[in-house]
A.B. asks: 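Okay, handing you the structure first.
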Number of protein chains: 2
Amino acid sequence: MAEQGLYEELARQLSAVGAVKRGMARILPADCPAGSAAVLTLLDRHGDIRMSRLAELLSVDMSVTSRHVAHVAARGWIERSPDPADKRSRLLRLTPAGRAQMDELSRRTTQLLATRLGDWSDDEVGQLIRLMTRLRDSFGDCRVAFTGPAAPDVHQTTRTPAEAK
Amino acid sequence: MAEQGLYEELARQLSAVGAVKRGMARILPADCPAGSAAVLTLLDRHGDIRMSRLAELLSVDMSVTSRHVAHVAARGWIERSPDPADKRSRLLRLTPAGRAQMDELSRRTTQLLATRLGDWSDDEVGQLIRLMTRLRDSFGDCRVAFTGPAAPDVHQTTRTPAEAK
DNA sequence: TATTGTTATACTCTATAACTATA
DNA sequence: TATAGTTATAGAGTATAACAATA
């Protein structure tokens, strides 16, 4: 386990990385904010999935997912087809227009990072990716607050837990 | 320079790290949201500074800084004394109550990270800190959008640029 | 005239809770 | 009764613009 000073410094850097995220968001098309871009990226990578699965991948509540999805669907970038196996569900899929939008997003993102990180090597970028991925894994589902040393029966759902009765 | 696929993956991980940040925010005291915690942390590290300097350190517009500072000042965690050298400025300083609040924040943050990252070594945490710090440096002041290959005369200010007349 | 800081307004992202329709 | 998804509401964070006081 790492020492306390390192944890405090890591917390500081996590806070500061928001500036980088805002820099990335600033180059997005006007009608495609970061939430929409995240939906398109995940659908591009994971193929046809359901809302609940997308909410898991986004690590946000399904109500949030629903709003983002509605936004990209309204612009014709995805289609929502009924799930034959469960009429409550909808299967999400990128449309050709959505794929074109993805290409534009990749183009802009790559150009920005290539400019800003021009002096980074492949290995350095890969290291950062690896450590950030592991960080996310170590946190698991962060939408449930850690409640103490003994935290039994933690919900790992995608939605607001129902009130205890 | 790194290849395109790495840039796209890095962008994805930057987007996903938001879940970790939300997990950190969730353990903060109710009257001390992330913005307030960032102000306290920076004042703790950098001593007495002015609003404009704090805005630089936060990498946000000074209007945002002003709001965060007003919040922590209203709770007695910092004091704003007039700058004898410039009557427009105010010098910010942590109060004893503010330092106590900082201690509480450090305690909670450290406990959370120690739990989540219990299987990380000092070296691994240090690596992540180092790479995130470098990432932020490589982006510099991200509050100005990158406008193209030839971007002369880029403003590096802490406030909304005045409209060109 | 330019700069420091504040305030008003608008937008994005998120969580909570209530609701529907299916299971 | 429980689950998949939607919508309404509220709170936090941020940027833009207009403003007041001082340089």
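Reminder, nothing fancy here: chain letters follow the sequence lines and each chain counts from 1.
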A.B. asks: Looking at B/Arg12 and A/Leu57, what are the two nearest heavy atoms and their distance?
C.D. replies: NH2-O, 3.6 Å
A.B. asks: Strictly below 4.0 Å: does B/Arg88 bring a side-chain N or O up to OP1 or OP2 of C/dT6?
C.D. replies: no
A.B. asks: Please report the closest heavy-atom contact between B/Ser138 and A/Trp120, naming both atoms and the distance.
C.D. replies: OG-NE1, 2.8 Å
A.B. asks: Would you mind telling me which of C/dT6, D/dG5, C/dA23 lies closest to the side-chain atoms of A/Lys87?
C.D. replies: C/dA23
A.B. asks: Between C/dG5 and B/Ser63, is there an OP1 or OP2 to side-chain N/O distance shorter than 4.0 Å?
C.D. replies: no
A.B. asks: For D/dT7 and A/Ser66 - does any side-chain N or O of the residue sit under 4.0 Å from the phosphate oxygens OP1/OP2?
C.D. replies: no
A.B. asks: I need the NE2-P distance between A/His71 and D/dG5, as an integer number of Å.
C.D. replies: 21 Å
A.B. asks: Using OP1 and OP2 only, check whether a side-chain N or O of A/His68 sits under 4.0 Å from C/dT12.
C.D. replies: no
A.B. asks: What nucleotide among D/dA15, D/dG5, C/dG5 has an atom nearest to a side-chain atom of B/Met62?
C.D. replies: C/dG5
A.B. asks: Does the side chain of B/Arg67 get closer than 4.0 angstrom to OP1 or OP2 of D/dG11 through an N or O atom?
C.D. replies: no
A.B. asks: So does A/Arg22 get a side-chain nitrogen or oxygen closer than 4.0 Å to the phosphate oxygens (OP1/OP2) of D/dT14?
C.D. replies: yes
A.B. asks: Within the 4.0 Å heavy-atom criterion, would you say B/Ala70 contacts the bases, only the backbone, or no part of the nucleic acid?
C.D. replies: nothing
A.B. asks: Considering every strand and a 4.0 Å limit on heavy-atom distances, what is the contact class for A/Asp86: base, sugar-phosphate, or nothing?
C.D. replies: sugar-phosphate
A.B. asks: Between atom NZ in A/Lys21 and atom P in D/dA12, what is the gap in whole Å?
C.D. replies: 19 Å
A.B. asks: Would you kindly give the CG-to-P distance between A/Leu58 and D/dG5, to the nearest whole Å?
C.D. replies: 13 Å
A.B. asks: Are A/Leu91 and A/Trp77 connected in the hydrophobic side-chain network, where two residues link if heavy atoms are under 4.5 Å apart?
C.D. replies: no
A.B. asks: Rounded to whole angstroms, how far apart are CG on A/Leu28 and C1' on C/dC11?
C.D. replies: 14 Å
A.B. asks: Expressed in angstrom and rounded to an integer, what is the separation of A/Arg53 atom CZ from D/dT3 atom C1'?
C.D. replies: 18 Å
A.B. asks: List the steps, then state whether side chain to side chain contact (heavy atoms under 4.5 Å, CB included) holds for A/Cys32 with A/Leu40.
C.D. replies: CA-CA 10 Å; A/Cys32 187; A/Leu40 295 179; 4.2 Å; yes
A.B. asks: Could you tell me which non-hydrogen atom of A/Pro29 sits nearest to which non-hydrogen atom of A/Arg108, and how far apart they are?
C.D. replies: N-NH1, 3.5 Å
A.B. asks: Closest-nucleotide mapping onto DNA chain D: is B/Ala30 or A/Ser89 further toward the 5' terminus? I mean the 5' end.
C.D. replies: A/Ser89
A.B. asks: Rounded off to whole Å, could you give me the CG-to-P distance for the A/Asp31 and C/dC11 pair?
C.D. replies: 15 Å
A.B. asks: B/Met51 has an atom CE; how far is it from atom P of C/dG5, in whole Å?
C.D. replies: 6 Å
A.B. asks: Provide, to the nearest angstrom, the distance between the CD atom belonging to B/Glu56 and the P atom belonging to C/dT4.
C.D. replies: 10 Å
